Chemist: 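Dropping the structure in here first, questions after.
Everything quoted here is computed from the prediction, not taken from an experiment.
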Amino acid sequence: MKPLQKIDCSPDHRPAVTGVCISTAVAFLVMLTIDAKAAESIATPENQNLQISSGLSEQQARKLELFSSKRPRLFLDAERIKTLKSKLNTSPYKNFWQYVQKKADQFSQITPLSPGSDGNQEPLRRIGHRLPFMGMAYLMTRDEAYVRSITQWMDYLSALSDWPGTDLDEAHALAGMAIVYDWLYDRFSTDARARYEITINRHALSIYQDLRSQKAWWATEYLQNHNYVNAMALGLAGLTLAGKHNAAGSYIEAANKNFLKVFSLLSPDGASHEGVHYWAYGTQALLTYSMAASPIFGLEAVRSNPFFRKAAHFRLYTSLPGYEEIANFADSPRKEFYHAGATLRVLASLFQDGLAQWLAGRIDQAKEDDARLSWLDMLWYDPSIMATPPDDLPTYGYFDNLGILIRRSSWRDDAAWVFFKAGPPMGKLALANKRVFTGSHIHPDAGSFSMWANGEWLVLDDGYVWDKRTENHSVLLVNGKGQIGEGGRWFDNNAASKQSATAEITGRELTTGSQILRADLTRMYPHVSGLESWHRTIAMLPAGYLIVHDEVRGSESTVFESLLHIKRGAIEKTINSFSLQLRNNGLLVDDVSELSATRNIENYIVQDSANLLDLPVLPRFLIRLHPISISNSSGIWTNTLILRPFNPDQKPGSLQTQWMQKGTVLEFSDNQLNAKIDFQTMKVTVQQLSSD
């Protein structure tokens, strides 16, 4: 690539010949439109005839030229490095740095095998994760040992004729290479830089071709973490190669164009249909690209997006009391692998959000050595943001796009916590836009609920599993059939779309004292199931009480089974109720339905668990409830359960119940609460007799 001739176009230095004065930015933009086969070191057979042109505006091209004139330039510069080094002995930077240095020291002791040799080589994704840790450690210490280790791994990746892994493996390795290539640019020899540039460009071009041609399955999956991570890696590669390769601007622009589509479809309530685990993973990828590319594109697309504005609230309410575990709906383990701290810290900085700042620190505190800090924590922590606890926030959170309602009895660590989910599989926004994406990490769980109290699970979800089965959730089976989309390793969203399968919140009344919500779940079941309608109403009350009211309609021959997954423990049964007794916890379940039902309690094993974090699948009982008979001509089964968690030292008293107004109003009382619930008008009256 020939260097640009810089022409001074200021008022005092205009050339005499009209038209000669072409701004440097325009010249830079012209450079970006050159055929990629003319770029240095990328004339490989698969791209010799590829035309790559950048769609960057003149202003963006000008900013990219300025950005490309210095190193390091990804996330930090020389001044930022100096500032970080001055804070390494101050809190919380000291904690961040100790973690980064510890990991960097561990990683620098690992030596790559020679390409093609036998043995267990490090996975590409792991290599990509490790490189920035060692790169950051070098920037803070100037210890050449880190440079030697990084060089070994960069040489190893560059020596591979083809990387043993595509998609996320390739993306993470590419992102790691792009970052340390920039950070340690002056520490690599000219020959080494040339090799690394070739490698980075080769794999960036591969992702670019996949994205632009849309031949990769993830290329148009704008609500999927694979899309986010691949496009992030492409963008980082373009940013680090800017000024070195003609195609760099095209890589950057392609990644940015992709993310603008993604941003338009993100859940406006800050939630993720892929679960809390993938919320952390995917959101970090989105923000990693956005922060790296901000010198060219700014951050307005992030700051104006409702998803990012509300994301910290989603992570707050999906945190279990104590903040060590998370709501494990969708493919989410009980403890997330991708730590949310760095993501929350950059959200705190972007939105001046003290809650996000507080939550990041509180999660770190809860997880202690398992906090999984990142080099990004060092970069994204903003000391000007004062941490603000959620004490003044409502103890419930409603996330409308996905139909998720969560309530805590208080903000204390010993609080009771309940969760309910009943929205469209991909959310209302995707449904309204008629966008059908791969279901992947979604579960067939519309109408499911879970419960936690006194430091442990009571009503369980299945977490990260390969086999997506409705029976794993506390929902309904109809003639033995579950919801549309079940049965495979990934949720079948195409099948759901073909049958217009969806769940819908049809009514709600959310107040400080109680929350009640009604969902229509009928269309989540195949037509052949025999289900005519299923409406589930959930009422969340003080002390962690949960009322589950079902109205199910079918023919007289239809067999309904209502499922309830509880943690395994000592069970004591009575005629219409049972008590679960754990070591430090308990749950009373009272069946107050007017129509009698049988209860089968059985040991249940969640099959084919991915066991992502080597977490044992919690042993559970499955309680199957189904009506003895449906005697009314309408074929309606009305089933109502009252779930009451308790501390063994403070067990609730016996339950007194009364149905009124033809079975539409329920009154009940014990020594904790007096409550009246009108399932028709969605009104709740509750009097708390003792504190949570």
Chemist: Enumerate the salt bridge (Lys or Arg N to Asp or Glu O under 4.0 Å) contacts for residues 337-359, please, sequence neighbours excluded, ordered by first and then second residue.
Modeler: Arg345-Asp364, Arg345-Asp377

Chemist: Short question: side chain of Ser332, backbone of His277 - any donor-acceptor pair under 3.5 Å?
Modeler: yes

Chemist: Where do Asp445 and His473 land on the side chain to side chain donor-acceptor pair (under 3.5 Å) test, with the steps shown first?
Modeler: CA-CA 6 Å; Asp445 62 353; His473 306 278; 4.5 Å; no

Chemist: Apply the test side chain to side chain donor-acceptor pair (under 3.5 Å) to residues Tyr138 and Arg187: give CA-CA distance (whole Å), side-chain angles for both, the deciding distance (0.1 Å), then the verdict.
Modeler: CA-CA 10 Å; Tyr138 171 73; Arg187 296 297 304 118; 3.3 Å; yes

Chemist: Determine the sole option in Tyr93, Trp183, Tyr381, Phe96 for which the ring-ring contact (aromatic ring centres under 6.0 Å, His included) test with Trp375 is passed.
Modeler: Trp183

Chemist: Between Glu336 and Lys367, does any NZ, NE, NH1 or NH2 come within less than 4.0 Å of an OD or OE carboxylate oxygen?
Modeler: yes

Chemist: Is there a side-chain contact between Asp269 and Tyr398 (heavy atoms, below 4.5 Å)?
Modeler: no

Chemist: Please evaluate residues Asn328 and Tyr464 with respect to the criterion side chain to side chain donor-acceptor pair (under 3.5 Å), reporting the C-alpha separation (whole Å), side-chain torsions for both, the decisive distance (0.1 Å), and the verdict.
Modeler: CA-CA 8 Å; Asn328 66 333; Tyr464 200 133; over 6 Å; no

Chemist: Could you check whether any side-chain N or O of Asn454 sits under 3.5 Å from a backbone N or O of Ala416, counting only pairs where one atom can act as donor and the other as acceptor?
Modeler: no

Chemist: Under a 4.0 Å N-O cut-off, is there an ion pair linking Arg435 with Glu221?
Modeler: no

Chemist: Mind listing the closest non-hydrogen atom pair of Val418 and Gly544 along with its distance?
Modeler: CG1-O, 4.0 Å

Chemist: Heavy atoms, side chains only, cut-off 4.5 Å: are Phe491 and Pro444 in contact?
Modeler: yes

Chemist: Is any side-chain heavy atom of His339 closer than 4.5 Å to one of Ser374?
Modeler: no

Chemist: Heavy atoms only: give me the nearest Thr512-Gln515 pair and the separation to one decimal.
Modeler: O-NE2, 3.8 Å

Chemist: Distance-only, no hydrogens or angles: does the Ser149 side chain make a donor-acceptor pair with backbone N or O of Ala145 under 3.5 Å?
Modeler: no

Chemist: Which heavy atom of Arg71 sits nearest a heavy atom of Ala242, and at what distance?
Modeler: NH2-O, 4.4 Å

Chemist: Is it the case that the side chain of Arg407 and the backbone of Leu541 share a donor-acceptor pair, with hydrogens and angles ignored and the cut-off at 3.5 Å?
Modeler: yes

Chemist: Please report the shortest heavy-atom distance between Leu347 and Ala312, naming the atom on each side.
Modeler: CD1-N, 4.2 Å

Chemist: For the backbone of Gly270 and the side chain of Trp279, can you confirm whether one donor and one acceptor N or O come within less than 3.5 Å of each other?
Modeler: yes

Chemist: Using every non-hydrogen atom in the two residues, find where Phe449 and Leu546 come nearest and quote the distance to one decimal.
Modeler: CD1-CD2, 3.6 Å

Chemist: Check whether more than 12 heavy atoms from other residues, nucleotides or ligands sit under 6.0 Å from atom CG of Asp392, and answer yes or no.
Modeler: no

Chemist: With heavy-atom distances below 4.5 Å as the criterion, would you say the side chains of Tyr338 and Arg372 are in contact?
Modeler: no

Chemist: Determine whether the side chains of Asn472 and His565 contain a donor N or O and an acceptor N or O closer than 3.5 Å.
Modeler: no

Chemist: Taking the basic N atoms (NZ, or NE/NH1/NH2) and the acidic carboxylate oxygens, is any pair closer than 4.0 Å for Arg408 and Asp413?
Modeler: no

Chemist: Report yes if the side chains of Met232 and Asn258 come closer than 4.5 Å at any heavy-atom pair, otherwise no.
Modeler: no

Chemist: Between Arg73 and Thr240, is there a donor-acceptor pair closer than 3.5 Å when you use the side chain of the first and the backbone of the second?
Modeler: yes

Chemist: Is there a donor-acceptor pair closer than 3.5 Å between any side-chain N or O of Asn585 and the backbone N or O of Ala453?
Modeler: yes

Chemist: Can you tell me if Asn493 uses its side chain to pair, donor with acceptor, with the backbone of Phe437 under 3.5 Å?
Modeler: yes

Chemist: Using side-chain heavy atoms (C-beta onward) and a distance below 4.5 Å, is Leu355 in contact with Pro390?
Modeler: yes

Chemist: Determine whether Met140 and Met378 satisfy the following criterion, side chain to side chain contact (heavy atoms under 4.5 Å, CB included), listing intermediate values before the conclusion.
Modeler: CA-CA 11 Å; Met140 296 299 104; Met378 291 183 63; 4.1 Å; yes

Chemist: Before giving the answer on side chain to side chain contact (heavy atoms under 4.5 Å, CB included), spell out for Tyr396 and Ile406 the whole-Å C-alpha distance, their side-chain angles and the decisive distance to 0.1 Å.
Modeler: CA-CA 5 Å; Tyr396 72 91; Ile406 305 170; over 6 Å; no

Chemist: Evaluate the side-chain proximity of Leu379 to Leu84: yes if any heavy-atom separation is below 4.5 Å, no if none is.
Modeler: yes

Chemist: Are the side chain of Ser290 and the backbone N or O of Leu287 linked by a donor-acceptor pair below 3.5 Å?
Modeler: no

Chemist: Could you walk me through whether Glu274 and Leu223 pass the side chain to side chain contact (heavy atoms under 4.5 Å, CB included) test, one step at a time?
Modeler: CA-CA 9 Å; Glu274 294 193 288; Leu223 287 177; over 6 Å; no

Chemist: With no hydrogens and no angle check, is any side-chain donor or acceptor of Thr438 less than 3.5 Å from a backbone partner on Ser440?
Modeler: no

Chemist: Are Phe419 and Leu405 close enough that some pair of their side-chain heavy atoms sits under 4.5 Å apart?
Modeler: no

Chemist: Show the nearest heavy-atom pair for residues Leu74 and Phe67, with the distance to one decimal.
Modeler: CD2-CZ, 4.2 Å

Chemist: How about Tyr281 and Tyr228: are their ring centres within less than 6.0 Å of each other?
Modeler: no

Chemist: Give the ring-plane orientation class for Phe133 versus Phe107, where under 30° counts as parallel, over 60° as perpendicular and anything between as tilted.
Modeler: perpendicular

